[in-house]
Amino acid sequence: MPRLQRISITLPLADPGVDPESLVPVFHDWIRRDAVDGLLLDVARYAHVHHGPGVLLIGHHGDYSLDTARGRPGLRYTLKHDAPGTPRELVARSLQRLLGAAAEAAEAPGLTYDAGELIVQVLDRLRAPNTPDTLAALGPEIAAGVADVLGDAGDITVLDEDPRAPFAVRVAVPDPALIEERLAGVATA
């Protein structure tokens, strides 16, 4: 099993027309209030980059962003450093941070989520090349990490079979209420 770093999880948005700039003041407020997990450093605007990171809240251990990759916006958390733990633990930790951020971002205008799926990427082509072997090794770990947080995980499908692309999968959430309940629980905790 490869030791992973740079795991990214995206919760797609229901409205593809959300303006990434609407999160700039929200992200600045998170820095001021220390509202989400991690040491937060700065906000960067990349809305001008086609299918790029949109708006990025740069952190020491991880970044939060309103990502527009693949032409579909989503709230994204990227674990940046070689953190200790199994792939399952890293996926669970990243998903917990993403859901905490999603609950905090409820104040942003028009931000609603498509709770039926998650996008999980491993942004390390050396340790996790985009191959069937990586899917065989990491697919069960990803499903288990998601299930550790949500109580269940559905089918996993590869997003792009191009071996030059980062390893990325779509994880179906069998019951979107699992995420909605988790967001409500995080928001009230």
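Owing to the predicted nature of the structure, the values given are computational and were not obtained by experimental measurement.
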May I have the step-by-step check of side chain to side chain contact (heavy atoms under 4.5 Å, CB included) for V91 and E141, ending in yes or no? CA-CA 8 Å; V91 167; E141 291 284 308; over 6 Å; no
So, for [X] and [Y], which heavy atoms are closest and what is the spacing to 0.1 Å?
| X | Y | result |
| --- | --- | --- |
| Y113 | A105 | OH-CB, 3.7 Å |
| Y77 | R97 | OH-NH1, 2.9 Å |
| G116 | P176 | CA-CG, 4.0 Å |
| V149 | A92 | CG2-O, 3.5 Å |
| G54 | T68 | N-OG1, 4.2 Å |
| A115 | I179 | O-CD1, 3.7 Å |

If you round to the nearest 0.5 Å, how far is [atom2] of [Y] from [atom1] of [X]?
| X | Y | atom1 | atom2 | answer |
| --- | --- | --- | --- | --- |
| L118 | T10 | CG | OG1 | 8.5 Å |
| L111 | L75 | CG | CG | 6.5 Å |
| S94 | L99 | OG | CG | 11.0 Å |
| I58 | I31 | CD1 | CD1 | 8.5 Å |

Any side-chain donor-acceptor pair under 3.5 Å between Q121 and R6? no
Could you work out the complete set of other residues in the hydrophobic cluster of L159, with links drawn between I, L, V, M, F, W and Y side chains under 4.5 Å apart? I119
Would you say [X] and [Y] make side-chain contact, with heavy atoms under 4.5 Å?
| X | Y | value |
| --- | --- | --- |
| T78 | I7 | no |
| L66 | L13 | yes |
| P16 | P73 | yes |
| Y64 | V26 | no |

Given L90 and R93, is the side chain to side chain contact (heavy atoms under 4.5 Å, CB included) satisfied, shown in steps? CA-CA 5 Å; L90 296 175; R93 186 179 317 143; 3.4 Å; yes
Under the rule for side chain to side chain donor-acceptor pair (under 3.5 Å), what residues qualify as partners of D63, not counting sequence neighbours? K80
Quick one: side chain to side chain donor-acceptor pair (under 3.5 Å) partners of T131, sequence neighbours excluded? T134
Please evaluate residues V18 and L23 with respect to the criterion side chain to side chain contact (heavy atoms under 4.5 Å, CB included), reporting the C-alpha separation (whole Å), side-chain torsions for both, the decisive distance (0.1 Å), and the verdict. CA-CA 10 Å; V18 171; L23 269 184; over 6 Å; no
Cluster link V158 to V173, ILVMFWY, side chain under 4.5 Å: yes
Hey, any chance L123 and L79 share a hydrophobic cluster, counting ILVMFWY side chains that come within less than 4.5 Å of each other, even indirectly? no
Salt bridge (charged side-chain N to carboxylate O under 4.0 Å, His left out), that's the test. Do D114 and R72 meet it? Break it down for me. CA-CA 11 Å; D114 175 1; R72 183 172 184 205; 2.4 Å; yes
Do the side chain of E181 and the main chain of L178 share a donor and acceptor less than 3.5 angstrom apart? no
Would you confirm whether S22, through its side chain, and D19, through its main-chain N or O, come within 3.5 Å as a donor-acceptor pair? yes
For a quick test of your reading: what N or O donor-acceptor pairs under 3.5 Å do the side chains of residues 37-47 make, sequence neighbours left out?
| residue | atom | partner | partner atom | Å |
| --- | --- | --- | --- | --- |
| R45 | NE | E21 | OE1 | 2.9 |

Is the number of heavy atoms from other residues, nucleotides or ligands within 6.0 Å of CG (D155) greater than 12? no
Which pairs with one or both residues in residues 164-177 pass side-chain hydrogen bond (donor to acceptor under 3.5 Å, both in side chains), sequence neighbours excluded? E117-R170, D162-R164
Before giving the answer on side chain to side chain contact (heavy atoms under 4.5 Å, CB included), spell out for L98 and L95 the whole-Å C-alpha distance, their side-chain angles and the decisive distance to 0.1 Å. CA-CA 5 Å; L98 173 65; L95 181 55; 4.3 Å; yes
Contacts of H28 meeting ring-ring contact (aromatic ring centres under 6.0 Å, His included) (sequence neighbours excluded), chain-then-number -> none
